[in-house]
Amino acid sequence: MHIPDTKVVLSTASVYPASTAVAFELAAKLGYDGVEVMVWNDPVSQDLEALRRLSDAHQLPILAVHAPCLLITQRVWTTDPWTKLVRARAAAEKLGASAVVVHPPFRWQRQYAREFVEGISRMAGETDVRFAVENMYPWRYRDREVLAYSPGWDVTDEDYRHFTIDLSHVATSRIDAFAMAERMGDRLAHVHLADGSGSGKDEHLIPGRGKQPCAEFLEHLARTGFDGHVVLEVNTRRAASPAEREADLAEALAFTRLHLATPSRVR
C-alpha cells in the first residue's frame, strides 16, 4: 500500500463560528498535516504575527491562505479587492504557504471583474505562490438561477494558471466533479474536500455523508500524482458540542487518508 505525499489540511473555516485558534488546536490534536487560514472577521486570521505564534505553538505549518472573498468579509483588509489579494499573497509568502485561494468576483464588482483574469495572471507571475481560483456555483431561488459571479462560476471557462476545485461547490452546481477536474488538467493545484447532496445550498458536508464521489476523487488524485494539498473545508456548525465537532473532523481526516492510499505506487 502506497500513501502519497499529499498533505491533508484543515481549513480554519471548518470550525466556524469558533475561532482560528480553535482550528489550530484541533488540527494539531487530530493529526492534520497543516492549516489553511480563512481570512475573515476573526482578528487573529488577519494578523500575521498571531498566526505565526499559533503555527509555532502547535508545530503546524500554514500551507494555504484563503483570501477574504466572501460576502461577510467585504470590509476585511480594506474594501478594495486587489488590496486584499496583495495582502493575501504577502501573508502566504511570509507564512510559508504555497497557495492563495481566491474566488471569482461578484458581478456587482464590475471594474474588478473586468480586470480579474488579466490581473490574476499578472499577480501569479510575480510570486512562487499559486493563485488557485476556485470554482463557485449559480445561486438558486426556487426554480430560478442567479449568476452571481463574473466572469462566471465555472472557472474552467477562463485561462487561469491554477485552480482550486471545491466538491461542495460542484454538488451545488450539479455538474460532474471528474469532468471539471479533467478540464482543469495539470492546472488543478488545490482541493477543497467536502460533500454535498446536490441541493441548492452550499452544504460542505463531511466527506461520505452526501452524494459526491469523494472517495473515488481522492483515489484519482493519488493515482495521477496530484502535487497540491487536500483541504477539509467542512461545515460543523450543527455540531451539538465541541466533542461532536472534534469527532466530525476526525472522521473527515480518517476518510481522506484512507482514500488517498493507493494499492500501488504511482509510476
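Model, not experiment: these values are computed from the prediction.
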Review point. Could you go step by step and tell me if I120 and L85 meet the side-chain contact (heavy atoms from CB on, under 4.5 Å) rule?
Key: CA-CA 9 Å; I120 283 290; L85 295 189; 3.7 Å; yes
**Study point:** C69: which of H103, E134, K84 passes side-chain contact (heavy atoms from CB on, under 4.5 Å)
**Key:** H103
Practice item. Kindly assign one of parallel, tilted or perpendicular to the pair Y112 and F116, based on the angle between their ring planes and the thresholds 30° and 60°. Key: perpendicular
Review point. Short question: side chain of H169, backbone of Y137 - any donor-acceptor pair under 3.5 Å?
Key: no
Review point. Linking I/L/V/M/F/W/Y whenever their side-chain heavy atoms sit closer than 4.5 Å, directly or via other members, would V234 and W40 fall into one cluster?
Key: no
**Study point:** Donor-acceptor contact below 3.5 Å, side chain R87 vs main chain Q46
**Key:** no
Point to revise | Side-chain (S168) to main-chain (H204) donor-acceptor, under 3.5 angstrom | key: yes
Check your understanding: Can you hop from V9 to Y16 via hydrophobic side chains spaced under 4.5 Å?
Key -> no
Check your understanding: Parallel under 30°, tilted from 30 to 60°, perpendicular over 60°: which one fits the rings of W108 and F106?
Key -> parallel
Check your understanding: Do H229 and H192 have ring centroids that are under 6.0 Å from one another?
Key -> no
Exercise for review: For residues W153 and W139, determine if any side-chain heavy atom of one lies less than 4.5 Å from a side-chain heavy atom of the other.
Suggested key: no
Check your understanding: Is there side-chain contact between E203 and T172, with heavy atoms separated by less than 4.5 Å?
Key -> no
Point to revise | Note, M123 side chain near V86 side chain (heavy atom, < 4.5 Å) | key: yes
Check your understanding: For N135, which of D166, D154, T156 qualifies under side-chain contact (heavy atoms from CB on, under 4.5 Å)?
Key -> D166
Review point. Between S197 and K211, is there a donor-acceptor pair closer than 3.5 Å when you use the side chain of the first and the backbone of the second?
Key: no
Practice item. Would you check, one step at a time, whether the test salt bridge (Lys or Arg N to Asp or Glu O under 4.0 Å) holds for R122 with E118? Key: CA-CA 6 Å; R122 173 181 49 77; E118 182 179 346; over 6 Å; no
Review point. Do Y149 and L70 sit in the same hydrophobic cluster, where Ile, Leu, Val, Met, Phe, Trp and Tyr count as joined when their side-chain heavy atoms come under 4.5 Å apart?
Key: no
Review point. Shortest non-hydrogen contact from A88 to A67?
Key: CB-CB, 3.9 Å
**Study point:** Derivation of the side-chain contact (heavy atoms from CB on, under 4.5 Å) call for R209 and D248
**Key:** CA-CA 11 Å; R209 297 186 186 178; D248 284 345; 3.0 Å; yes
Review point. Is the count of non-hydrogen atoms from other residues, nucleotides or ligands lying under 6.0 Å from Q74 atom CD greater than 12?
Key: yes
Review point. Do the side chains of F178 and E216 get nearer than 4.5 Å, heavy atoms only?
Key: yes
Check your understanding: Within a strict 4.5 Å, meaning less than it, do heavy atoms of the R161 and R130 side chains meet?
Key -> no
Review point. Is L167 close to P207 at the side-chain level, that is, under 4.5 Å between some pair of heavy atoms?
Key: no
Review point. Mind checking whether M38 and F131 sit in one hydrophobic cluster, side chains of I, L, V, M, F, W, Y counted as touching below 4.5 Å?
Key: no
Review point. When you measure from the side chain of T256 to the backbone N and O of A252, does any donor-acceptor pair fall under 3.5 Å?
Key: yes
Check your understanding: Below 4.0 angstrom, N of the basic side chain to O of the carboxylate: do D159 and R187 qualify?
Key -> yes
Check your understanding: Going through the checks in order, is the side-chain contact (heavy atoms from CB on, under 4.5 Å) test met by L193 and F217?
Key -> CA-CA 10 Å; L193 185 65; F217 196 82; 5.6 Å; no
Check your understanding: Hey, are E49 and R53 close enough for a salt bridge, meaning a charged N less than 4.0 Å from a carboxylate O?
Key -> no
Check your understanding: So, do L54 and V44 sit near enough that their side-chain heavy atoms are less than 4.5 Å apart?
Key -> yes
Review point. Are K29 and L249 close enough that some pair of their side-chain heavy atoms sits under 4.5 Å apart?
Key: no
Point to revise | Audit row: R257, D33, salt bridge (Lys or Arg N to Asp or Glu O under 4.0 Å) steps and yes/no | key: CA-CA 11 Å; R257 291 211 190 283; D33 296 319; 3.3 Å; yes
Point to revise | Under 3.5 Å side-chain donor-acceptor pair for D42 and T20 | key: yes
Check your understanding: Is there a donor in the side chain of T83 and an acceptor in the side chain of D80, or the other way round, less than 3.5 Å apart?
Key -> yes
